Amino acid sequence: MLSPYASVFREGLFQGQVALVTGAGSGIGRCTVHELAALGARVALLGRKEDKLKAVAAEIGAEARTYGCDIREEDAVAKTVARVLADFGRIDCLVNNAGGQFGSPLEKISAKGWDAVVRTNLTGGFLVARECYTQWMKGAASGAIVNMIADMWNGMPGMGHSGAARAGMLNFTETAALEWAPIRVNAVAPGWIASSGLDHYPQEMAEHIRALPKRVPLGRLGTESEVSAAIVFLLSPAAAFISGSCLRVDGAVPSAKRVADRIGSGSSTPAFDGFHLAKKPKVLE
């Protein structure tokens, strides 16, 4: 028998609330819905692959429902948010986690490839947030949104399409925090996280991925639980006066000068991993 999610937040923190999480079928999204559910929230899992969503919902139990949706399609997003509201009656929290990209130098990215990544990482997030706001949060005059971005500071070589989209999502976050107040809108920017997503990159990137901890001042990769904890904090009452902000979860990587010969002392911080179902990515084994 596995132990329950070991959240650092108090039991029942989100009791009576409904949280919609996109990209909930794996990785950080899966971890986050587990933590929110463990803290009392009823959770709506949104993603493109319903089989993955249903597997996660089965892990959580009766308070989880799944919604297959391509967040890049405007009509589908509007209808899906309406379905969530019909099922749950409210949406208190939105975690805009869905995203994806592929590695490529800028000169080799086609217009189709660029558009696919921007629509997934920027346009889709905007559409889901807009529908949650217009269909529920605006009228309720309450709610919190957390948009997932990435460590795109100082450029994102090898993934310029994703870096541009994530930077756009940060600006959207800042604008929405102004236009939609008192709805709180914030962002979380994960750095290199030991998530299942690492196993989706080509085999030729494996050596590069395994060498990443040497470039992190804190000496290791982050965990899915550490990102989820940042998301939960921004959704919680403790962040009631925080909006338009971005919380970095990256081990201080953007602060390290690219030309530095050495960063940190060579040791690392203890990792927090409260997710009882977390597995080490195969690429790191």
Side-chain angles (χ1 to χ4, degrees), residues 1-7 9 11-73 76-100 120 124-125 127-129 131-132 135-136 143-148 188 190 193 195-197 199-200 223-225 227-232 235-236 273-281:
M1 181 73 177
L2 290 169
S3 300
Y5 197 107
S7 177
F9 298 95
E11 185 177 351
L13 180 61
F14 292 95
Q15 200 70 42
Q17 295 191 36
V18 174
L20 170 59
V21 181
T22 70
S26 62
I28 293 169
R30 172 179 175 240
C31 180
T32 302
V33 293
H34 266 277
E35 182 163 20
L36 288 169
L39 296 172
R42 293 182 294 157
V43 289
L45 285 63
L46 188 153
R48 280 192 292 173
K49 298 182 179 179
E50 285 212 66
D51 56 334
K52 294 174 67 175
L53 296 175
K54 290 184 183 302
V56 177
E59 296 169 353
I60 294 171
E63 290 300 302
R65 295 196 181 190
T66 64
Y67 302 86
C69 178
D70 185 340
I71 63 170
R72 299 171 297 183
E73 301 299 329
V77 170
K79 291 176 182 177
T80 300
V81 171
R83 285 176 54 207
V84 174
L85 287 169
D87 291 340
F88 289 99
R90 59 192 299 134
I91 298 174
D92 301 282
C93 307
L94 167 64
V95 182
N96 243 334
N97 169 73
T120 299
L127 292 173
V128 177
E131 291 304 315
C132 286
Q135 292 193 41
W136 176 259
I145 297 170
V146 173
N147 296 318
M148 189 68 66
V188 168
I193 306 299
S195 175
S196 58
D199 287 330
H200 295 160
T223 68
E224 295 168 343
S225 298
V227 180
S228 180
I231 293 169
V232 171
L235 294 174
S236 78
D273 196 352
F275 188 18
H276 55 303
L277 298 179
K279 292 184 178 179
K280 188 176 183 179

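Note that this is a predicted model, so its numbers are computed, not measured. When a residue number appears, it is its place in the shown sequence, counting from 1.
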**OP:** Determine whether Leu94 and Val128 make a side-chain contact, defined as any pair of heavy atoms from C-beta on separated by less than 4.5 Å.
**Re:** yes

Original post:
Once the angle between the rings of Phe88 and Tyr67 is folded into 0 to 90°, is it parallel (under 30°), tilted (30 to 60°) or perpendicular (over 60°)?
Top reply: tilted

**OP:** Compare all side-chain heavy atoms of Leu39 with those of Glu11 and state whether any distance is below 4.5 angstrom.
**Re:** no

Original post:
When you measure from the side chain of Asp92 to the backbone N and O of Val18, does any donor-acceptor pair fall under 3.5 Å?
Top reply: yes

**OP:** Kindly indicate whether the side chain of Arg65, heavy atoms from C-beta on, has any atom under 4.5 Å from the side chain of Leu45.
**Re:** no

Original post:
Which distance, rounded to the nearest 0.5 Å, do you find between the CG of Asn96 and the CD1 of Ile71?
Top reply: 6.5 Å

**OP:** Find out whether Glu59 and Lys54 are in side-chain contact, i.e. whether some heavy atom of one side chain is under 4.5 Å from a heavy atom of the other.
**Re:** no

Subject >> Where Val84 and Ala44 come nearest, the two heavy atoms and their spacing >> reply: CG1-CB, 3.9 Å

Subject >> Shortest non-hydrogen contact between Gly25 and Val56, atoms and distance >> reply: O-CG2, 3.6 Å

Subject >> Any side-chain heavy-atom pair of Val21 and Leu46 under 4.5 Å >> reply: no

Original post:
Does a donor on one side chain sit under 3.5 Å from an acceptor on the other, for Asp273 and Ser225?
Top reply: yes

Original post:
Is the closest side-chain heavy-atom distance between Lys52 and Ser26 below 4.5 Å?
Top reply: yes

**OP:** State, yes or no, whether a side-chain contact exists between Ile28 and Ser228 at a heavy-atom distance under 4.5 Å.
**Re:** no

**OP:** Mind running side-chain hydrogen bond (donor to acceptor under 3.5 Å, both in side chains) on Asn97 and Thr22 for me, showing each step along the way?
**Re:** CA-CA 5 Å; Asn97 169 73; Thr22 70; 5.5 Å; no

Original post:
Are the side chains of Met148 and Val227 in touch, meaning some heavy atoms are under 4.5 Å apart?
Top reply: yes

**OP:** Please confirm whether the backbone N or O of Arg42 pairs with a side-chain atom of Gln17, one donor and one acceptor, at under 3.5 Å?
**Re:** no

Original post:
If you measure from CD1 on Ile231 to OG on Ser236, what distance do you get to the nearest 0.5 Å?
Top reply: 12.5 Å

Subject >> Partner residues of Glu73 under the side-chain contact (heavy atoms from CB on, under 4.5 Å) criterion, sequence neighbours left out >> reply: Asp70, Ala76, Arg119

Original post:
Distance from Ile145 atom CD1 to Leu235 atom CG, nearest 0.5 Å?
Top reply: 10.0 Å

Original post:
Is Arg48 atom CZ crowded by more than 12 heavy atoms from other residues, nucleotides or ligands, each under 6.0 Å away?
Top reply: no

Original post:
Looking at Glu224 and Arg30, does any basic side-chain N land under 4.0 Å from a carboxylate oxygen?
Top reply: no

**OP:** To the nearest 0.5 angstrom, please state how far the NE2 atom of His34 sits from the OH atom of Tyr5.
**Re:** 9.5 Å

Subject >> Passing candidate, side chain to side chain contact (heavy atoms under 4.5 Å, CB included) with Glu131, options Ile91, Val81, Leu85, Leu20 >> reply: Val81

**OP:** Would you give the length of the straight line joining atom SG of Cys31 to atom CG of Leu277, rounded to the nearest 0.5 angstrom?
**Re:** 9.5 Å

